[in-house]
Amino acid sequence: MSEASNRFDRAIWDTVASIPRGQVLSYGEVARAAGYPRHARMVSKAMSRSETALPWYRVVRSDRTLAFNPDSDIYQRQKRLLEEEGVTFVKGRAVSVESDAKTDLDTLLWGPE
DNA sequence: CCCTTGACTATCT
DNA sequence: GAGATAGCCAAGG
């Protein structure tokens, strides 16, 4: 196992571990925050290589949908873990608790949809 | 070295 | 907004 790839993994792990409860980051955002722009596709692999418990479920697509097949068990598991932290889902998109005022107002006025 | 595979993304129809 | 398309980049065959 080379030093370089190990450094990459650690950077990704640290970044994912730093995502606050009830919030989500996209694969691209994690990669960029870790100091490796354009490495979105490598984030999942790095997380898979982790042996410690990471909040992997707080990482979603850039459009806030989940990366798995909606019919799969893993998709349901991720969705449930997020909902347990207060994250809601509107049209398949994860909406963190810390959403902006406009979204909150619209939701109050028009309901989730 | 070429080709295929992804828990991806930005952009254009 | 859903598809298609073209970039992206490390791994493995």
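Just so it is clear: chains get the letters A, B, ... in the order the sequence lines come, proteins before strands, and each one is counted from 1. All figures in this text were calculated on a predicted structure; none of them were measured in a lab.
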### Message
Any N or O donor-acceptor pair under 3.5 Å from the base of C:dC8 to the side chain of A:R38?
### Response
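No such pair is found, so the answer is no.
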Figure out the [atom1]/[atom2] separation between [X] and [N], and round it to whole Å.
{"X": "A:K45", "N": "C:dG12", "atom1": "NZ", "atom2": "P", "answer": "9 Å"}
{"X": "A:D63", "N": "B:dT11", "atom1": "CG", "atom2": "P", "answer": "14 Å"}
{"X": "A:L25", "N": "B:dA7", "atom1": "CG", "atom2": "C1'", "answer": "15 Å"}
{"X": "A:F8", "N": "C:dC8", "atom1": "CZ", "atom2": "C1'", "answer": "13 Å"}
{"X": "A:I12", "N": "C:dC9", "atom1": "CD1", "atom2": "C1'", "answer": "13 Å"}
{"X": "A:R64", "N": "C:dG1", "atom1": "CZ", "atom2": "C1'", "answer": "18 Å"}
{"X": "A:D9", "N": "C:dA10", "atom1": "CG", "atom2": "P", "answer": "13 Å"}

#### Entry: Straight-line distance of A:T15 OG1 to A:R32 CZ, nearest 0.5 Å
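Reported value, rounded in 0.5 Å steps: 11.0 Å.
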### Query
Any side-chain heavy-atom pair from A:R41 and A:Y27 closer than 4.5 angstrom?
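No; the side chains remain at least 4.5 Å from each other.
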### A:Y57 side chain reached by A:K79 side chain, heavy atoms, under 4.5 Å
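No, side chains not in contact.
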### Message
Let's see if you can work this out: which of C:dA10, B:dA7, B:dC8 has an atom nearest to the side-chain heavy atoms of A:R61?
### Response
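So the nucleotide nearest the side chain must be B:dC8.
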### Query
Side chain of A:A40: nearest nucleotide among B:dG6, B:dA7, B:dC8?
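Per side-chain heavy atoms of A:A40, the pick is B:dC8.
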### Query
Looking at A:E29 and A:R64, does any basic side-chain N land under 4.0 Å from a carboxylate oxygen?
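So A:E29 pairs with A:R64 through a salt bridge.
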### Query
Taking OP1 and OP2 of B:dA7, is either one under 4.0 Å from a side-chain nitrogen or oxygen of A:S48?
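No.
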### Message
Between A:S62 and B:dA10, is there a contact of a side-chain N or O with OP1 or OP2 at under 4.0 Å?
### Response
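Result: yes.
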### Query
Which whole number of Å gives the distance between the C1' atom of B:dA7 and that of C:dG13?
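Between the two C1' atoms, the distance is 22 Å.
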